[in-house]
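Before any comments, here is the structure.
A, B, ... follow the sequence lines: proteins, then strands. Residue 1 opens every chain.
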Amino acid sequence: MSYSVLEALRSNPDHVRKVLTARRLDVSLVDKFLEVDARWRQLRREVDELRHTYNQLSREGAKAQPERRREIVEKARELAARLERVEKELEEAERLREEVLWSMPNLIHESVPICPEGVDSVPVRSWGVVKAAGDVAASLKGVEYVVVEKPPVGHADMAEVVLKMADTLKAGEVAGSRFYYLFDDLVWLDFALAIYALDRLTQRGFRPVIPPYMLKFDVIRRVLDFDTFKDAIYKIEGEDLYLIATAEHGIAAYLYRRDLVEEELPQLYVGWSPCFRKEAGAGNRDLKGIFRVHIFHKVEQFVYSLPEESWRWHEEITKNTEELIRDLGLPYRVVNICAHDLGAPAAKKYDIEIWYPAQGMYRELASCSNVTDWQAYRLGIRVTRKGMKREFVHTLNCTGLATTRTITAILENFQREDGVVEIPKALRPYLEPLKAAPKDYIYPRKRG
RNA sequence: GCCGGGGUGGCCGAGCGGCCCAAGGCGCGGGACUGGAGAUCCCGUCCCCGUCAAGGGGGCGUGGGUUCAAAUCCCACCCCCGGCGCCA
(Lines give C-alpha, C1' and ligand atoms only; values in the text may rest on other atoms or scores of the structure.)
Protein backbone atom coordinates (compact mmCIF):
# COMPACT_ATOMS: atom_id res chain seq x y z
CA MET A 1 0.00 0.00 0.00
CA SER A 2 1.39 3.38 0.78
CA TYR A 3 3.02 3.62 4.17
CA SER A 4 4.97 6.85 3.96
CA VAL A 5 8.06 5.49 5.72
CA LEU A 6 8.23 2.45 3.44
CA GLU A 7 7.69 4.61 0.39
CA ALA A 8 10.43 7.00 1.44
CA LEU A 9 12.83 4.16 2.15
CA ARG A 10 12.40 2.74 -1.33
CA SER A 11 12.16 5.93 -3.35
CA ASN A 12 14.19 8.44 -1.36
CA PRO A 13 16.54 6.76 1.11
CA ASP A 14 18.63 9.92 1.45
CA HIS A 15 15.69 11.72 2.92
CA VAL A 16 15.23 8.99 5.49
CA ARG A 17 18.93 9.23 6.36
CA LYS A 18 18.44 12.93 7.01
CA VAL A 19 15.51 12.19 9.27
CA LEU A 20 17.49 9.65 11.23
CA THR A 21 20.37 12.08 11.60
CA ALA A 22 18.02 14.77 12.87
CA ARG A 23 16.59 12.31 15.37
CA ARG A 24 20.13 11.32 16.36
CA LEU A 25 19.53 7.72 15.44
CA ASP A 26 21.70 5.26 13.58
CA VAL A 27 21.69 6.08 9.87
CA SER A 28 22.78 2.59 8.90
CA LEU A 29 19.23 1.48 9.58
CA VAL A 30 18.36 2.63 6.06
CA ASP A 31 20.85 0.38 4.31
CA LYS A 32 19.97 -2.41 6.68
CA PHE A 33 16.38 -2.12 5.60
CA LEU A 34 17.09 -1.88 1.89
CA GLU A 35 19.18 -5.00 2.21
CA VAL A 36 16.57 -7.07 4.03
CA ASP A 37 13.84 -5.70 1.80
CA ALA A 38 15.70 -6.77 -1.35
CA ARG A 39 16.37 -10.20 0.07
CA TRP A 40 12.76 -10.58 1.08
CA ARG A 41 11.51 -9.66 -2.40
CA GLN A 42 13.95 -12.09 -3.95
CA LEU A 43 12.85 -14.97 -1.73
CA ARG A 44 9.24 -14.05 -2.19
CA ARG A 45 9.66 -14.58 -5.91
CA GLU A 46 11.47 -17.86 -5.49
CA VAL A 47 8.79 -19.24 -3.23
CA ASP A 48 6.02 -18.08 -5.53
CA GLU A 49 7.69 -19.81 -8.45
CA LEU A 50 8.22 -23.04 -6.56
CA ARG A 51 4.67 -23.06 -5.38
CA HIS A 52 3.50 -22.46 -8.90
CA THR A 53 5.08 -25.64 -10.20
CA TYR A 54 3.90 -27.46 -7.11
CA ASN A 55 0.31 -26.32 -7.62
CA GLN A 56 0.40 -27.35 -11.24
CA LEU A 57 1.54 -30.81 -10.21
CA SER A 58 -1.16 -31.04 -7.63
CA ARG A 59 -3.90 -30.07 -10.06
CA GLU A 60 -2.59 -32.51 -12.59
CA GLY A 61 -2.61 -35.22 -9.93
CA ALA A 62 -6.25 -34.62 -9.15
CA LYS A 63 -7.25 -35.58 -12.67
CA ALA A 64 -4.61 -38.23 -13.39
CA GLN A 65 -5.04 -41.97 -13.73
CA PRO A 66 -3.83 -44.07 -10.75
CA GLU A 67 -0.49 -45.02 -12.32
CA ARG A 68 0.40 -41.51 -13.46
CA ARG A 69 -0.77 -40.23 -10.10
CA ARG A 70 1.80 -42.32 -8.24
CA GLU A 71 4.53 -40.68 -10.28
CA ILE A 72 3.16 -37.24 -9.54
CA VAL A 73 2.87 -37.89 -5.83
CA GLU A 74 6.48 -38.96 -5.84
CA LYS A 75 7.60 -35.76 -7.56
CA ALA A 76 5.41 -33.64 -5.31
CA ARG A 77 7.06 -35.08 -2.25
CA GLU A 78 10.48 -34.01 -3.45
CA LEU A 79 9.30 -30.55 -4.37
CA ALA A 80 7.60 -30.13 -1.02
CA ALA A 81 10.84 -30.74 0.80
CA ARG A 82 12.61 -28.10 -1.24
CA LEU A 83 9.75 -25.67 -0.80
CA GLU A 84 9.87 -26.09 2.92
CA ARG A 85 13.52 -25.05 3.04
CA VAL A 86 13.02 -21.91 0.96
CA GLU A 87 9.87 -21.03 2.84
CA LYS A 88 11.76 -21.13 6.11
CA GLU A 89 14.25 -18.69 4.64
CA LEU A 90 11.47 -16.43 3.43
CA GLU A 91 9.80 -16.48 6.80
CA GLU A 92 13.01 -15.49 8.48
CA ALA A 93 13.63 -12.74 5.92
CA GLU A 94 10.12 -11.46 6.40
CA ARG A 95 10.46 -11.39 10.15
CA LEU A 96 13.71 -9.48 9.84
CA ARG A 97 12.27 -7.05 7.32
CA GLU A 98 9.31 -6.27 9.52
CA GLU A 99 11.51 -5.91 12.54
CA VAL A 100 13.69 -3.32 10.80
CA LEU A 101 10.72 -1.52 9.28
CA TRP A 102 8.96 -1.41 12.64
CA SER A 103 12.03 -0.01 14.31
CA MET A 104 11.90 2.94 11.91
CA PRO A 105 10.64 6.14 13.47
CA ASN A 106 8.18 8.36 11.68
CA LEU A 107 9.37 10.92 9.16
CA ILE A 108 9.43 14.47 10.48
CA HIS A 109 7.62 17.62 9.42
CA GLU A 110 9.75 20.40 7.99
CA SER A 111 8.81 22.72 10.86
CA VAL A 112 10.36 20.43 13.46
CA PRO A 113 13.48 22.13 14.85
CA ILE A 114 16.84 20.41 14.70
CA CYS A 115 18.55 21.48 17.88
CA PRO A 116 22.03 21.68 19.36
CA GLU A 117 23.09 19.58 22.31
CA GLY A 118 21.28 20.58 25.48
CA VAL A 119 18.25 22.06 23.75
CA ASP A 120 15.19 19.84 23.64
CA SER A 121 12.50 22.22 22.51
CA VAL A 122 11.87 25.66 21.06
CA PRO A 123 9.24 27.96 22.60
CA VAL A 124 6.50 28.93 20.18
CA ARG A 125 4.22 31.16 22.23
CA SER A 126 3.32 31.83 25.81
CA TRP A 127 0.38 33.12 27.78
CA GLY A 128 -0.16 34.47 31.27
CA VAL A 129 1.83 36.24 33.90
CA VAL A 130 4.22 34.02 35.79
CA LYS A 131 5.21 34.49 39.40
CA ALA A 132 8.95 34.41 39.68
CA ALA A 133 11.38 34.93 42.54
CA GLY A 134 14.19 37.43 41.89
CA ASP A 135 16.91 35.25 40.43
CA VAL A 136 14.47 33.21 38.37
CA ALA A 137 12.83 36.32 36.96
CA ALA A 138 16.14 37.54 35.60
CA SER A 139 16.49 34.45 33.44
CA LEU A 140 13.06 34.77 31.85
CA LYS A 141 12.86 36.28 28.44
CA GLY A 142 9.85 36.93 26.30
CA VAL A 143 7.54 36.05 29.18
CA GLU A 144 5.43 38.37 31.30
CA TYR A 145 6.18 38.02 34.99
CA VAL A 146 5.70 39.54 38.41
CA VAL A 147 8.50 39.29 40.93
CA VAL A 148 7.59 37.64 44.22
CA GLU A 149 9.56 37.73 47.46
CA LYS A 150 9.84 34.02 47.94
CA PRO A 151 8.55 31.11 45.89
CA PRO A 152 5.29 29.56 47.07
CA VAL A 153 5.08 26.17 48.76
CA GLY A 154 5.65 23.25 46.38
CA HIS A 155 2.65 21.16 45.41
CA ALA A 156 3.73 18.16 47.47
CA ASP A 157 3.97 20.06 50.73
CA MET A 158 0.82 21.96 49.88
CA ALA A 159 -1.14 18.76 49.42
CA GLU A 160 0.32 16.81 52.31
CA VAL A 161 1.47 19.33 54.93
CA VAL A 162 -0.63 22.43 54.44
CA LEU A 163 -3.94 21.09 53.14
CA LYS A 164 -3.47 17.58 54.57
CA MET A 165 -5.33 16.02 51.65
CA ALA A 166 -2.75 13.61 50.33
CA ASP A 167 -0.64 10.86 51.83
CA THR A 168 2.25 9.54 49.82
CA LEU A 169 4.05 8.09 52.83
CA LYS A 170 1.34 5.58 53.62
CA ALA A 171 0.92 4.89 49.91
CA GLY A 172 4.65 4.25 49.73
CA GLU A 173 4.37 1.76 52.54
CA VAL A 174 1.48 -0.19 51.07
CA ALA A 175 2.11 0.22 47.33
CA GLY A 176 5.55 1.73 46.86
CA SER A 177 6.97 5.04 45.72
CA ARG A 178 5.08 7.08 43.13
CA PHE A 179 1.71 6.05 44.54
CA TYR A 180 -0.57 8.30 46.55
CA TYR A 181 -3.73 8.64 48.53
CA LEU A 182 -5.75 11.69 47.58
CA PHE A 183 -8.53 12.87 49.86
CA ASP A 184 -11.32 15.35 50.21
CA ASP A 185 -11.23 18.44 48.04
CA LEU A 186 -8.44 17.10 45.87
CA VAL A 187 -10.66 14.19 44.90
CA TRP A 188 -13.43 16.55 43.89
CA LEU A 189 -10.90 18.63 42.00
CA ASP A 190 -9.72 15.66 40.01
CA PHE A 191 -13.26 14.78 38.94
CA ALA A 192 -14.24 18.38 38.27
CA LEU A 193 -11.21 18.89 36.03
CA ALA A 194 -12.10 15.77 34.08
CA ILE A 195 -15.69 16.80 33.58
CA TYR A 196 -14.63 20.34 32.71
CA ALA A 197 -12.38 19.03 29.94
CA LEU A 198 -14.93 16.48 28.73
CA ASP A 199 -17.69 19.07 28.69
CA ARG A 200 -15.69 21.61 26.72
CA LEU A 201 -14.33 19.15 24.20
CA THR A 202 -17.59 17.36 23.53
CA GLN A 203 -19.02 20.78 22.71
CA ARG A 204 -16.43 20.93 19.96
CA GLY A 205 -17.64 17.70 18.42
CA PHE A 206 -15.42 15.21 20.20
CA ARG A 207 -17.14 11.96 21.15
CA PRO A 208 -16.60 11.01 24.77
CA VAL A 209 -15.19 7.55 25.39
CA ILE A 210 -13.88 5.36 28.16
CA PRO A 211 -11.57 2.85 26.51
CA PRO A 212 -10.37 -0.53 27.78
CA TYR A 213 -7.65 0.00 30.36
CA MET A 214 -5.85 -3.10 29.21
CA LEU A 215 -4.92 -4.33 25.75
CA LYS A 216 -3.53 -7.55 24.35
CA PHE A 217 0.12 -7.65 23.40
CA ASP A 218 -0.61 -7.94 19.71
CA VAL A 219 -2.57 -4.71 19.84
CA ILE A 220 -0.48 -2.65 22.21
CA ARG A 221 2.67 -3.36 20.23
CA ARG A 222 1.06 -1.63 17.29
CA VAL A 223 0.14 1.60 19.03
CA LEU A 224 3.40 2.43 20.73
CA ASP A 225 7.12 2.30 20.21
CA PHE A 226 9.62 0.09 21.90
CA ASP A 227 10.96 2.75 24.28
CA THR A 228 7.53 3.53 25.63
CA PHE A 229 6.83 -0.12 25.91
CA LYS A 230 9.84 -0.98 27.97
CA ASP A 231 9.81 2.11 30.20
CA ALA A 232 6.12 2.64 30.69
CA ILE A 233 3.97 -0.42 30.29
CA TYR A 234 2.78 -2.77 33.02
CA LYS A 235 1.99 -6.37 32.22
CA ILE A 236 -0.67 -8.38 33.97
CA GLU A 237 0.91 -11.46 35.46
CA GLY A 238 -0.23 -14.69 33.84
CA GLU A 239 -2.39 -12.96 31.23
CA ASP A 240 -1.76 -11.62 27.79
CA LEU A 241 -2.77 -8.15 28.93
CA TYR A 242 -1.02 -4.84 29.36
CA LEU A 243 -2.22 -1.74 31.19
CA ILE A 244 -2.55 1.31 28.97
CA ALA A 245 -0.21 4.24 29.62
CA THR A 246 -2.76 6.66 28.18
CA ALA A 247 -6.29 6.57 26.78
CA GLU A 248 -4.63 7.17 23.41
CA HIS A 249 -3.68 3.51 23.27
CA GLY A 250 -7.19 2.28 23.83
CA ILE A 251 -8.74 4.76 21.43
CA ALA A 252 -6.19 4.15 18.67
CA ALA A 253 -6.99 0.45 18.96
CA TYR A 254 -10.69 1.12 18.46
CA LEU A 255 -10.42 1.16 14.68
CA TYR A 256 -7.87 -1.68 14.55
CA ARG A 257 -8.04 -3.27 11.08
CA ARG A 258 -10.85 -1.04 9.95
CA ASP A 259 -11.44 0.10 6.41
CA LEU A 260 -13.17 3.43 6.34
CA VAL A 261 -14.75 5.43 3.57
CA GLU A 262 -13.86 9.06 3.13
CA GLU A 263 -17.13 10.30 4.60
CA GLU A 264 -16.34 8.60 7.92
CA LEU A 265 -13.44 10.94 8.56
CA PRO A 266 -12.51 12.82 10.59
CA GLN A 267 -13.39 10.98 13.77
CA LEU A 268 -12.86 12.92 16.97
CA TYR A 269 -12.73 11.29 20.38
CA VAL A 270 -12.18 12.60 23.86
CA GLY A 271 -11.27 9.82 26.24
CA TRP A 272 -10.98 9.64 29.97
CA SER A 273 -8.95 6.94 31.65
CA PRO A 274 -6.51 6.17 34.36
CA CYS A 275 -2.99 5.93 32.99
CA PHE A 276 -0.53 3.35 34.26
CA ARG A 277 3.18 4.00 33.92
CA LYS A 278 6.22 2.25 35.24
CA GLU A 279 8.31 5.41 34.92
CA ALA A 280 11.24 3.06 34.57
CA GLY A 281 13.48 5.62 32.92
CA ALA A 282 12.68 8.37 35.41
CA GLY A 283 15.21 7.46 38.06
CA ASN A 284 14.78 9.70 41.08
CA ARG A 285 13.19 12.54 39.19
CA ASP A 286 10.11 14.15 40.76
CA LEU A 287 9.85 11.56 43.50
CA LYS A 288 8.00 13.92 45.79
CA GLY A 289 4.26 14.43 45.67
CA ILE A 290 1.97 13.46 42.82
CA PHE A 291 3.73 15.11 39.88
CA ARG A 292 5.15 11.91 38.41
CA VAL A 293 3.25 8.84 39.56
CA HIS A 294 2.41 5.30 38.49
CA ILE A 295 -1.30 5.94 38.16
CA PHE A 296 -3.04 9.15 37.21
CA HIS A 297 -6.11 10.35 35.40
CA LYS A 298 -6.14 12.05 32.07
CA VAL A 299 -8.54 13.36 29.47
CA GLU A 300 -7.20 12.80 25.99
CA GLN A 301 -8.12 14.09 22.54
CA PHE A 302 -7.72 11.67 19.68
CA VAL A 303 -8.30 12.30 15.98
CA TYR A 304 -8.43 10.00 13.00
CA SER A 305 -8.13 12.22 9.94
CA LEU A 306 -7.63 12.23 6.22
CA PRO A 307 -3.92 12.50 5.41
CA GLU A 308 -4.16 15.96 3.89
CA GLU A 309 -6.01 17.34 6.90
CA SER A 310 -3.83 16.14 9.73
CA TRP A 311 -1.60 19.22 9.98
CA ARG A 312 -4.61 21.46 10.35
CA TRP A 313 -5.94 19.16 13.07
CA HIS A 314 -2.62 19.21 14.85
CA GLU A 315 -2.87 22.97 15.33
CA GLU A 316 -6.53 22.69 16.21
CA ILE A 317 -6.23 20.16 19.04
CA THR A 318 -3.23 21.99 20.45
CA LYS A 319 -5.31 25.16 20.62
CA ASN A 320 -8.16 23.26 22.28
CA THR A 321 -5.91 22.29 25.14
CA GLU A 322 -4.36 25.74 25.37
CA GLU A 323 -7.81 27.15 25.78
CA LEU A 324 -8.66 24.71 28.57
CA ILE A 325 -5.50 25.73 30.41
CA ARG A 326 -5.90 29.43 29.72
CA ASP A 327 -9.45 29.46 31.02
CA LEU A 328 -8.20 27.88 34.22
CA GLY A 329 -5.82 30.82 34.45
CA LEU A 330 -2.63 28.79 34.47
CA PRO A 331 0.32 30.51 32.79
CA TYR A 332 1.70 28.33 30.06
CA ARG A 333 3.88 28.17 27.01
CA VAL A 334 3.81 26.00 23.92
CA VAL A 335 7.07 24.46 22.80
CA ASN A 336 7.96 22.73 19.56
CA ILE A 337 9.82 19.52 20.42
CA CYS A 338 13.19 19.10 18.74
CA ALA A 339 13.70 16.28 16.27
CA HIS A 340 16.03 14.32 18.53
CA ASP A 341 13.54 14.39 21.40
CA LEU A 342 10.47 13.28 19.45
CA GLY A 343 9.19 9.81 20.18
CA ALA A 344 9.38 7.43 17.24
CA PRO A 345 5.65 7.69 16.41
CA ALA A 346 5.46 11.48 16.18
CA ALA A 347 6.12 13.47 13.03
CA LYS A 348 5.81 16.62 15.11
CA LYS A 349 5.00 17.33 18.72
CA TYR A 350 3.99 20.35 20.74
CA ASP A 351 4.25 20.26 24.50
CA ILE A 352 2.23 22.63 26.60
CA GLU A 353 4.11 23.55 29.73
CA ILE A 354 2.71 25.17 32.85
CA TRP A 355 4.63 27.54 35.01
CA TYR A 356 5.38 26.08 38.43
CA PRO A 357 6.26 29.02 40.67
CA ALA A 358 7.68 26.88 43.46
CA GLN A 359 10.00 25.10 41.06
CA GLY A 360 10.65 28.29 39.11
CA MET A 361 10.24 26.55 35.81
CA TYR A 362 7.83 25.40 33.13
CA ARG A 363 6.83 21.77 33.36
CA GLU A 364 4.99 19.61 30.84
CA LEU A 365 1.26 19.29 31.30
CA ALA A 366 0.15 18.29 27.84
CA SER A 367 1.59 16.84 24.70
CA CYS A 368 0.15 16.99 21.20
CA SER A 369 1.46 14.81 18.40
CA ASN A 370 0.72 14.26 14.78
CA VAL A 371 1.51 10.59 14.29
CA THR A 372 0.58 10.73 10.58
CA ASP A 373 0.34 7.14 9.26
CA TRP A 374 2.84 5.51 11.67
CA GLN A 375 0.18 4.07 13.98
CA ALA A 376 -2.41 3.55 11.26
CA TYR A 377 0.04 1.42 9.28
CA ARG A 378 0.68 -0.83 12.23
CA LEU A 379 -2.99 -1.02 13.13
CA GLY A 380 -4.16 -1.42 9.54
CA ILE A 381 -6.57 1.53 9.59
CA ARG A 382 -7.28 2.63 6.07
CA VAL A 383 -9.54 4.85 4.10
CA THR A 384 -10.88 4.15 0.64
CA ARG A 385 -10.81 7.30 -1.42
CA LYS A 386 -12.89 8.24 -4.40
CA GLY A 387 -11.53 6.40 -7.41
CA MET A 388 -10.77 3.28 -5.37
CA LYS A 389 -7.40 4.37 -4.02
CA ARG A 390 -6.68 3.26 -0.50
CA GLU A 391 -4.47 5.03 2.01
CA PHE A 392 -3.66 4.81 5.67
CA VAL A 393 -5.45 7.38 7.79
CA HIS A 394 -3.55 9.79 9.99
CA THR A 395 -3.87 9.71 13.76
CA LEU A 396 -3.26 12.49 16.23
CA ASN A 397 -3.33 12.64 19.97
CA CYS A 398 -3.27 15.50 22.39
CA THR A 399 -3.71 15.66 26.10
CA GLY A 400 -6.95 17.38 27.03
CA LEU A 401 -6.09 17.71 30.68
CA ALA A 402 -3.88 15.48 32.78
CA THR A 403 -6.12 16.04 35.76
CA THR A 404 -3.84 14.70 38.45
CA ARG A 405 -0.97 16.84 37.28
CA THR A 406 -3.25 19.83 36.79
CA ILE A 407 -3.99 19.64 40.50
CA THR A 408 -0.29 20.17 41.20
CA ALA A 409 -0.28 23.24 38.95
CA ILE A 410 -3.33 24.69 40.67
CA LEU A 411 -1.83 24.10 44.11
CA GLU A 412 1.25 26.10 43.21
CA ASN A 413 -0.30 28.86 41.12
CA PHE A 414 -3.40 29.63 43.17
CA GLN A 415 -2.23 29.32 46.75
CA ARG A 416 -2.40 32.26 49.11
CA GLU A 417 -0.03 33.15 51.91
CA ASP A 418 -2.45 31.70 54.45
CA GLY A 419 -2.41 28.30 52.78
CA VAL A 420 -5.83 28.65 51.16
CA VAL A 421 -6.07 27.64 47.49
CA GLU A 422 -8.34 29.55 45.18
CA ILE A 423 -10.32 27.41 42.76
CA PRO A 424 -10.15 28.61 39.13
CA LYS A 425 -13.41 30.29 38.16
CA ALA A 426 -13.91 28.15 35.08
CA LEU A 427 -13.96 25.07 37.26
CA ARG A 428 -16.55 26.25 39.76
CA PRO A 429 -19.66 25.35 37.74
CA TYR A 430 -18.48 21.76 37.76
CA LEU A 431 -18.14 21.66 41.54
CA GLU A 432 -21.45 23.39 42.10
CA PRO A 433 -23.70 20.30 41.96
CA LEU A 434 -21.52 18.31 44.33
CA LYS A 435 -22.76 18.85 47.89
CA ALA A 436 -19.54 18.04 49.69
CA ALA A 437 -17.21 19.65 47.18
CA PRO A 438 -15.45 22.97 47.76
CA LYS A 439 -16.90 25.81 45.73
CA ASP A 440 -14.51 28.77 45.68
CA TYR A 441 -11.59 27.93 47.93
CA ILE A 442 -9.83 24.93 49.30
CA TYR A 443 -9.15 25.38 52.99
CA PRO A 444 -6.56 23.42 54.92
CA ARG A 445 -8.09 20.53 56.76
CA LYS A 446 -8.20 21.10 60.49
CA ARG A 447 -7.18 17.62 61.59
CA GLY A 448 -5.20 15.13 59.55
C1' G B 1 -15.61 -20.67 35.08
C1' C B 2 -18.95 -24.69 32.94
C1' C B 3 -22.29 -26.55 28.89
C1' G B 4 -24.15 -25.73 23.94
C1' G B 5 -24.11 -23.02 19.06
C1' G B 6 -21.08 -20.19 15.82
C1' G B 7 -16.83 -17.28 13.22
C1' U B 8 -16.19 -17.72 4.93
C1' G B 9 -14.17 -11.46 0.76
C1' G B 10 -17.20 -4.14 2.71
C1' C B 11 -22.12 -6.80 4.06
C1' C B 12 -25.37 -11.26 3.47
C1' G B 13 -24.44 -16.18 2.36
C1' A B 14 -23.28 -21.35 -0.30
C1' G B 15 -19.61 -24.99 0.15
C1' C B 16 -18.07 -29.44 4.60
C1' G B 17 -11.10 -33.67 1.57
C1' G B 18 -9.26 -32.98 -5.22
C1' C B 19 -14.75 -30.64 -10.33
C1' C B 20 -13.16 -24.18 -4.99
C1' C B 21 -6.65 -20.59 -7.58
C1' A B 22 -14.44 -19.88 -2.69
C1' A B 23 -20.89 -20.13 -5.94
C1' G B 24 -24.63 -16.47 -5.70
C1' G B 25 -26.67 -11.88 -4.00
C1' C B 26 -26.22 -6.84 -2.00
C1' G B 27 -23.22 -2.61 -1.85
C1' C B 28 -19.38 0.15 -4.30
C1' G B 29 -16.30 1.77 -8.86
C1' G B 30 -15.90 1.96 -14.26
C1' G B 31 -18.14 1.26 -19.08
C1' A B 32 -22.36 0.38 -22.72
C1' C B 33 -27.35 2.11 -23.50
C1' U B 34 -30.12 7.19 -22.32
C1' G B 35 -31.43 14.10 -23.57
C1' G B 36 -30.60 12.96 -18.16
C1' A B 37 -31.94 9.51 -14.24
C1' G B 38 -33.81 4.53 -13.55
C1' A B 39 -34.08 -0.34 -15.45
C1' U B 40 -30.90 -3.60 -18.21
C1' C B 41 -26.18 -5.50 -19.86
C1' C B 42 -20.72 -5.99 -19.56
C1' C B 43 -16.07 -5.41 -16.60
C1' G B 44 -13.88 -4.67 -11.83
C1' U B 45 -14.19 -4.70 -6.44
C1' C B 46 -9.29 -9.42 0.20
C1' C B 47 -3.73 -9.23 0.51
C1' C B 48 1.34 -9.76 -1.52
C1' C B 49 5.38 -9.95 -5.58
C1' G B 50 5.55 -7.63 -10.47
C1' U B 51 6.33 -1.27 -14.23
C1' C B 52 -1.32 0.31 -10.93
C1' A B 53 1.66 -4.87 -17.50
C1' A B 54 1.83 -10.01 -18.70
C1' G B 55 1.90 -13.45 -15.08
C1' G B 56 2.21 -15.63 -10.33
C1' G B 57 1.47 -16.56 -5.03
C1' G B 58 -1.30 -16.43 -0.48
C1' G B 59 -6.02 -16.14 1.98
C1' C B 60 -12.19 -19.04 4.54
C1' G B 61 -11.16 -16.18 13.30
C1' U B 62 -5.53 -17.24 14.95
C1' G B 63 -1.60 -20.81 15.46
C1' G B 64 -0.10 -25.82 14.90
C1' G B 65 -0.99 -30.87 12.82
C1' U B 66 -2.73 -35.04 9.34
C1' U B 67 -2.52 -35.58 3.70
C1' C B 68 0.59 -35.86 -2.67
C1' A B 69 -3.93 -32.50 -1.86
C1' A B 70 -7.63 -28.91 3.68
C1' A B 71 -12.60 -23.53 3.86
C1' U B 72 -13.65 -28.83 4.35
C1' C B 73 -10.44 -33.68 9.06
C1' C B 74 -7.61 -33.32 14.13
C1' C B 75 -5.52 -30.26 18.34
C1' A B 76 -4.82 -25.64 21.00
C1' C B 77 -6.10 -20.67 21.56
C1' C B 78 -9.07 -16.07 20.60
C1' C B 79 -13.67 -13.76 19.83
C1' C B 80 -19.22 -13.65 19.30
C1' C B 81 -24.31 -15.62 20.62
C1' G B 82 -27.48 -18.54 24.18
C1' G B 83 -27.98 -21.09 29.04
C1' C B 84 -25.99 -21.98 34.06
C1' G B 85 -22.66 -20.19 37.87
C1' C B 86 -20.16 -15.98 40.16
C1' C B 87 -19.99 -10.82 40.96
C1' A B 88 -19.84 -4.31 41.73
Query raised in the report: Taking the side chain of A:Arg41 as heavy atoms from C-beta outward, which of B:C78, B:G50, B:G57 is closest to it?
Result: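 Between B:C78, B:G50, B:G57, the one nearest the side chain of A:Arg41 would be B:G50.
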Atom [atom1], compared across [N] and [M]: separation rounded to whole Å:
| N | M | atom1 | value |
| --- | --- | --- | --- |
| B:G65 | B:G15 | P | 30 Å |
| B:G1 | B:U72 | P | 26 Å |
| B:A22 | B:G58 | P | 11 Å |
| B:C77 | B:C2 | P | 10 Å |
| B:G44 | B:G9 | C1' | 14 Å |
| B:A23 | B:U8 | C1' | 12 Å |
| B:G7 | B:C12 | C1' | 14 Å |
| B:C48 | B:C43 | P | 25 Å |

Starting at atom [atom1] of [X], determine the distance to atom [atom2] of [N], rounded to an integer number of angstrom.
| X | N | atom1 | atom2 | value |
| --- | --- | --- | --- | --- |
| A:Glu87 | B:G64 | CD | P | 12 Å |
| A:Arg258 | B:C47 | CZ | C1' | 19 Å |
| A:Phe217 | B:G63 | CZ | P | 16 Å |
| A:Arg39 | B:C49 | CZ | P | 17 Å |
| A:Glu89 | B:C49 | CD | P | 19 Å |
| A:Glu94 | B:G57 | CD | P | 17 Å |
| A:Arg51 | B:G58 | CZ | P | 5 Å |
| A:Leu90 | B:C49 | CG | C1' | 10 Å |

Partner nucleotide, any strand, of [N] [Watson-Crick/G-U, under 3.5 Å]:
| N | value |
| --- | --- |
| B:U66 | none |
| B:C16 | none |
| B:C84 | B:G1 |
| B:G50 | none |
| B:U34 | none |
| B:C79 | B:G6 |

Point to revise | Position toward the 5' end of RNA chain B (nearest nucleotide), A:Ala80 or A:Glu91 | key: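 First, find each residue's nearest nucleotide; the 5'-ward one identifies A:Glu91.
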Margin query: With nearest nucleotide decided by heavy atoms, which residue, A:Lys216 or A:Arg10, maps closer to the 5′ end of RNA chain B?
Written below: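 Looking at RNA chain B, the more 5' nearest nucleotide goes with A:Arg10.
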Check whether any side-chain nitrogen or oxygen of [X] sits under 4.0 Å from OP1 or OP2 of [N], and answer yes or no.
| X | N | result |
| --- | --- | --- |
| A:Arg382 | B:G10 | no |
| A:His52 | B:G57 | yes |
| A:Tyr54 | B:A69 | yes |
| A:Asn55 | B:A69 | no |

Hey, can you tell me if A:Tyr443 and A:Tyr441 have their rings parallel, tilted or perpendicular (30° and 60° cut-offs)?
->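 Tilted.
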- Task: Hey, can you tell me if A:His109 and A:Trp311 have their rings parallel, tilted or perpendicular (30° and 60° cut-offs)?
- Result: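 If you compare the ring of A:His109 with that of A:Trp311, the planes turn out tilted.
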- prompt: Around A:Phe191, counting heavy atoms of other residues, nucleotides and ligands shown, do more than 12 lie under 6.0 Å from its CZ?
  reply: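 Counting neighbours around CZ of A:Phe191, 12 or fewer heavy atoms of other residues, nucleotides or ligands fall under 6.0 Å, so no.
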* To do: Among A:Asp225, A:Val223, A:Leu224, A:Ile381, find the one that has a side-chain contact (heavy atoms from CB on, under 4.5 Å) with A:Gln375.
  =>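 Option passing the side-chain contact (heavy atoms from CB on, under 4.5 Å) with A:Gln375: A:Val223.
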Could you work out, with side chain to side chain donor-acceptor pair (under 3.5 Å) as the rule, every residue matching A:Glu309, not counting sequence neighbours?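 With neighbours one apart ignored, the set is empty.
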Does a donor on one side chain and an acceptor on the other come within less than 3.5 Å for A:Ser111 and A:Asn336?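 No donor-acceptor contact under 3.5 Å links the two side chains.
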Is a donor from one side chain sitting under 3.5 angstrom from an acceptor on the other, for A:Glu315 and A:Tyr350?
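The answer is yes; a qualifying pair exists.
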Presence of salt bridge, A:Glu87 and A:Arg44, under 4.0 angstrom: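 Salt bridge between A:Arg44 and A:Glu87, a charged N being under 4.0 Å from a carboxylate O: no.
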Taking A:Thr399 for its side chain and A:Ser367 for its backbone only, find out whether a donor-acceptor pair lies under 3.5 Å.
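Looks like yes, one N/O pair under 3.5 Å.
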Stretch residues 42-50 of chain A: residues that reach within less than 4.0 Å of RNA chain B through a heavy atom: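 Those residues whose heavy atoms fall under 4.0 Å from RNA chain B, taken from residues 42-50 of chain A in numerical order, are A:Arg44, A:Asp48.
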